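Comments concern the structure below.
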Amino acid sequence: MSMEEKLNIKSALEYYIMAGVDEILGDEPFGVGLAEKKFSQEIPSLKKAPVILPLAAEKIDSGRQATTELAQATLSACQNAHDICAAAQTLDELRTAVENFDGCALKLTASHTVFGDGNPNARLVLVGEAPGADEDRIGRPFVGRSGHLLDKMMNAVGMDRSAYFITNVLPWRPPGNRTPTSAEIAVCLPFLKRQIELVNPEYILILGGSAANALLDNQEPISRLRGRWLEYEKSDGGKIQVLASFHPAYLLRNTAQKARAWSDLLRLKKTMQ
Ligand code: URA
């Protein structure tokens, strides 16, 4: 490889890093709607780097068609997930069904399906957003840095993993821990709801705004949702008491909020007692 080619590759990698790319999903690049010409004018050394496909005007119609097909695929995946959940009568059956489900593309980039874990007869279910890198590698929820903080906080109110069941909105890690799309959440939500129904807890502790919005079907920021008792309605109309709090990953970055999270856990403990 010539020095010029090496420099082109180096520039392309630097550009990806600058643009926030931290995961490679395939050998071939695919279209992102930037014209190669404009792109290479901005970074001349990229002229030969084959990274961008132009989005030609004549492709717009097929783009619309693809969007419609994607929406239809999402709807049918949601329906399929609902049917699978209705058929699963135990957590083990549900776990197998989720592992065999092919309606969510996140599964293609994940190493493991991360199903709920802990006490299946618990009075309390904890719900996070999605597996991170450690959870994806090991195949269990909350086993990385956030999980360690969560364990410490729960231990401090007298609960270890045998006292609760813990799961996520998504059973597969979004590449690079990106925010899940609403389509991914919609397809995977039936799995979370069925886990909750099968455990049938008295209380749910939701960790973070994204999980709270998904499970409670609202758009309220976590700063407004946290710390007060809310209700989750099951498919049979029964109610479960819900407390939302900050996600431990957020607490790792914003230690000043730990006091609020701590008061949420004390509230949970007091009510459960
Ligand atoms: N963050 C989550 O929301 N869930 C996990 O399992 C790990 C990190």
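This one's a predicted model, so the numbers in the text were calculated from it and none came from an experiment. In listed order, ligands and their atoms are each counted from 1.
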Ligand 1 atoms nearer than 4.0 angstrom to some heavy atom of His247 are 1 (N), 2 (C), 3 (O)
Note: ligand 1 atoms sitting under 4.0 Å from heavy atoms of Pro141 are 6 (O)
Atoms of ligand 1 under 4.0 Å from any heavy atom of Gly128, numbered from 1 in the order shown, are 3 (O)
Arg137 meets the salt bridge (charged side-chain N to carboxylate O under 4.0 Å, His left out) criterion, sequence neighbours left out, with Asp134
N-O pairing of Arg178 and Glu184 below 4.0 Å = yes
In this structure, atom 2 (C) of ligand 1 is nearest to the protein heavy atom Ala130 O, 3.0 Å
Those residues at least two apart in sequence (or on a different chain) that pass salt bridge (charged side-chain N to carboxylate O under 4.0 Å, His left out) with Arg253 are none
Notebook entry, point to check: Got more than 12 heavy atoms from elsewhere within 6.0 Å of CZ, Arg224?
Noted result: no
> Quick one: does Pro131 get an N or O within less than 3.5 Å of an N or O on ligand 1?
Replying inline: no
Notebook entry, point to check: What about the rings of Phe101 and Phe191, do their centers lie closer together than 6.0 Å?
Noted result: yes
State whether the shortest distance between N or O atoms of Asn168 and N or O atoms of ligand 1 falls below 3.5 angstrom.
yes
Filtering Glu135, Arg140, Arg173 for the heavy atom nearest atom 7 (C) of ligand 1 leaves Glu135
Do Phe142 and His247 have their ring centres less than 6.0 Å from each other? yes
Ligand 1 atoms nearer than 4.0 angstrom to some heavy atom of Glu129 are 2 (C), 3 (O)
